Protein chains: 2
Amino acid sequence: MATIADVAKLTGLSRSTVSRVINHYPHVSEEKIRLVRDAMEQLNYYPNASAQKLRNQKTDTIAVLVPLLTNPFFAYLLEGIDSVATKYNLQLLVCQTKHDREKEWKFLSLLKTKQVDGVILTAIENEWDKLTEFIEDGPIVLCNEYEKNAHVPTVGLDQVYGGYIGTKHLIEKGHQHIAHCRGRMISELSSDREAGFRKALNEHGLAVRKEWMFGDVSDIEGGKRAVREILAMKERPTAVFTGSDQAAAGMISEAKRHGLRIPEDLAVLGFDDQQIATITDPPLTTIKQPIEEIGQKAMELMIDIIIYKKDVKAPKIRLPFKLIERGST
Amino acid sequence: MATIADVAKLTGLSRSTVSRVINHYPHVSEEKIRLVRDAMEQLNYYPNASAQKLRNQKTDTIAVLVPLLTNPFFAYLLEGIDSVATKYNLQLLVCQTKHDREKEWKFLSLLKTKQVDGVILTAIENEWDKLTEFIEDGPIVLCNEYEKNAHVPTVGLDQVYGGYIGTKHLIEKGHQHIAHCRGRMISELSSDREAGFRKALNEHGLAVRKEWMFGDVSDIEGGKRAVREILAMKERPTAVFTGSDQAAAGMISEAKRHGLRIPEDLAVLGFDDQQIATITDPPLTTIKQPIEEIGQKAMELMIDIIIYKKDVKAPKIRLPFKLIERGST
DNA sequence: ACTGAAATTGAAATCGATTTCAAATTCTCA
DNA sequence: TGAGAATTTGAAATCGATTTCAATTTCAGT
C-alpha cells in the first residue's frame, strides 16, 4: 500500500505538500499540484482513513441504534436518517440492539472510544439515568422514542394526542367496547399513547377494561396472538386500537381467518401508515406518522451539532400527524 | 480525554505495560494489572479506536451494500449478516446504494482507504469488470445477487431452478396463460429466474407472451402497477409468477380492488416467503428463500477470510429452497 | 550457590496522516 | 531599488495506540 511518504518521495516533495494537495489547500503551485496528482495516480494512492481519523480527531461516522432491523418502521426511520447522512458524507454504523440493555450500552460506548462522532437513538432500553453518563462523550439525539427528562435533542410526535384522536375516531364510529394493543411496557412513547387512549375513553364515560389491554404487541405475529386471545373471551371488544400497522395487519388476517368481518365484527385501527396498510383487506385506517421526516430531522440536528457546531440545546421537536381513514374502521 | 500516556503516568509504569494490560497479555504481574485497572477507572480511560485501527491495520468493520433499506428482503438479509457479525464483534457499516452506480463505486472505495476490512455486496449495479479492481483492496463477498464470472465467494440460490419449479407449479394447477414479473433488467438473478420460467413454459409447449413479461417489479407499488396493465389487456393471463412477495401482495390487493377473485380469476405466486405472505387474503403461495441464512453464510465466509485467514477461494454456495403452497394459486 | 530459563518491564520505533513554525522565494508598490 | 507582504515549501511535532528489542529480575533445579 502506498502511503503519503511514497508519494512525497516519488515527487521529491515533502509530505506536507502532498497533504496540502490532498486537502485542496491554497498556496500550492499549479506545477506541484500536477506533480502530486500524477504521482498519486501512478502509485494508486488513497489516504488511510484511520490515520486521518486519528489526526483529525473525528470519524465522520454516526452510530444509529435500532431495536430491530426487520421492523419496517425502523427501516423507514433509517431511510430518513440515511438520506440526510448521505448529503453530508457521513457514514452510518447501524447497530441492532434486539432490545438488549447490554447491547445498547456497548453501542453507546462507541462514543467513549471515539469510534463515532455521535449516536442517534431510536429506542431506549436502559433507564435513562444510566445513559446520561454518555452525554459528555459525544452528542446523542433521540428520535421516535423519547424520555421526558432527557436533556438531549429529541424528535418525535405528541403520542398522547395520537392515542387520543385514534381512540376518539373509534368512539365516533359508535364503538363502546374498545381494546388497545400497545408496544413495550418500558416505552414512554407507548405509555403516552395509552394515556391518550384512556383519556378519550374517560371523556366519553367509557371504562378501561384491563383484559382488553394488550402489551408488547409490535409485529404481525403479535397482532395474531392478540386476536386469538380476544376470540377466547366471553365478552369481546368491537374495536381495537393498535400501535402499529404490522400488528393491525396481523389482527385483520387472523380475525378473518376465524370468520370475523372487518370492520363489522371487529374494527381495527393501525398506526404509522406503512405500505402494508394499503394491502390488507379491507385496507387499514391508520394514523400516519411522518417516519422518514422524523429520521431526517434527527440527523439534521446531529449535523447542526457536529458539523456546524451549533449549540442546539435540547429541543423537543414534535412533528404533525393525521388520521387516514380507509376501510378497517 | 485520557490517553494511554496519562494512565502510564498515573501508575508510574510505561505505556507498554498499560497496553499489555488492556490487551490481556501474559507476563504482567497481578500487582501492576490491578494498578493499571484502577488508574484506567479513575481516569475514565477508554482506548482510542482510531489509534488502534491505525496501529493494528484493521478496522473490525465490514461494509454491507444494499440497494434499498426499506425493502424487507434486504432487511432480513441484513439481519442474517448482523447476527453473525455480532458474534464476532464486527461492526457493520450499512451503505445504501439506491441502485446508483456511483454510490456503489464510492462505497467500494472504502476498501481502498482501509476504512473497512471487507465488503458484502447484496446487489450489483456496475458492470462486474469495472468492479474487479477492488478485489485486490480487500475481500468482497457476494450474496443474493451473483455474477457468473466473478471470482469471489458467492452465496445464493439456483434461481433458474427456482423460476422453473414456480412456473411448473402454476402449469400443474392447469394454467396455460402465465405472466411473469421480474426484478431489474440488469440483474443476473432475475434473468436466471426468467430463464427458468421460459424453460418450464417451453417444456410444456406453452408460448412466452412478451406483453406478459413485466420488468422492474420489486415492491407493492410495482405489483399494483402490473395488475393495472393486465386489466387493460384484451387477453389476460390467468396466473402470474412474481419475483417477490411484496410485489405479489400488491398484485392481490389491486386485483381484488378491481373485482378479480384470487386465485380463480388470477393466480399469484410470490417469492421469498416473507411475513407479508401470511397476511394477504388469500395467503400467498410462494417460494421460500432462506434469506437470513444467505446473509449468515455470506458473513461466515467473510469471517473465514478476515479472521481465520482461510484461503476460501471463490466458492459458489447454493442454498436450498422450497415451494410453500397457501391459497393464492 | 549457581545456571539457564522464564517472567517482568520500559525505551523507542511504528502505523499514516495533518499542522505548526519557520525559512526561502516571489511579488507589490512607493 | 528596496521594504514589506504574500506565496511556496519543508522539518518536525503530533494524534494515541502497539510491538520489538533488550535489560533486569525472579524462578527452578541441581
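Convention: sequence-line order gives letters A, B, ...; per-chain numbering from 1. Nothing here was measured: the structure is a model prediction, and the numbers come from that model.
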Item checked: Carboxylate-amine/guanidinium proximity below 4.0 Å for B:K98 and B:E104 ->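 No salt bridge links B:K98 with B:E104.
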
Next item on the list: Measure from NZ or CZ of B:K114 to the centre of the six-membered ring of A:Y46 and say whether it is under 6.0 Å with the direction within 45° of the ring axis.
Entry: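 Pair B:K114/A:Y46 does not count as cation-pi.
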
Hey, does [X] reach any base, or is it just sugar-phosphate, or nothing, if we go heavy atoms under 4.0 Å?
X: A:S16; result: base
X: B:T3; result: sugar-phosphate
X: A:S29; result: sugar-phosphate

Atom pair [atom1] ([X]) and [atom2] ([Y]), whose distance is rounded to the nearest 0.5 Å:
X: B:K87; Y: B:I303; atom1: NZ; atom2: CD1; answer: 8.0 Å
X: A:N126; Y: A:L108; atom1: CG; atom2: CG; answer: 8.0 Å
X: A:F73; Y: B:T70; atom1: CZ; atom2: OG1; answer: 14.0 Å

Checklist line | Given A:Q159, A:E125, A:E145, the one that forms side chain to side chain donor-acceptor pair (under 3.5 Å) with A:S187 | finding: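 Going through A:Q159, A:E125, A:E145 one by one, the side chain to side chain donor-acceptor pair (under 3.5 Å) with A:S187 is satisfied by A:E145 alone.
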
Note to self: I need the NZ-C1' distance between A:K32 and C:dT26, as an integer number of Å.
What the structure shows: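 Taking atom C1' of C:dT26 as the reference, NZ of A:K32 is at 14 Å.
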
Next item on the list: For B:I4 and C:dG10, give me the distance from atom CD1 to atom C1', rounded to whole Å.
Entry: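 Computing the B:I4:CD1 to C:dG10:C1' distance gives 13 Å.
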
Note to self: Assuming nearest nucleotide by heavy-atom distance, tell me which of B:L54 and B:R20 is located more 5' along DNA chain C.
What the structure shows: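 Of the two residues, B:R20 wins.
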
Check: What are the bounds, 5' to 3', of the part of DNA chain D that sits under 4.0 Å from heavy atoms of chain B?
Finding: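 Taking any atom under 4.0 Å from a heavy atom of chain B, the span is D:dG16 to D:dT20.
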
Check: Contacts to DNA chain D from residues 33-45 of chain B, heavy-atom cutoff under 4.0 Å, which residues?
Finding: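 Output list: B:Y45.
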
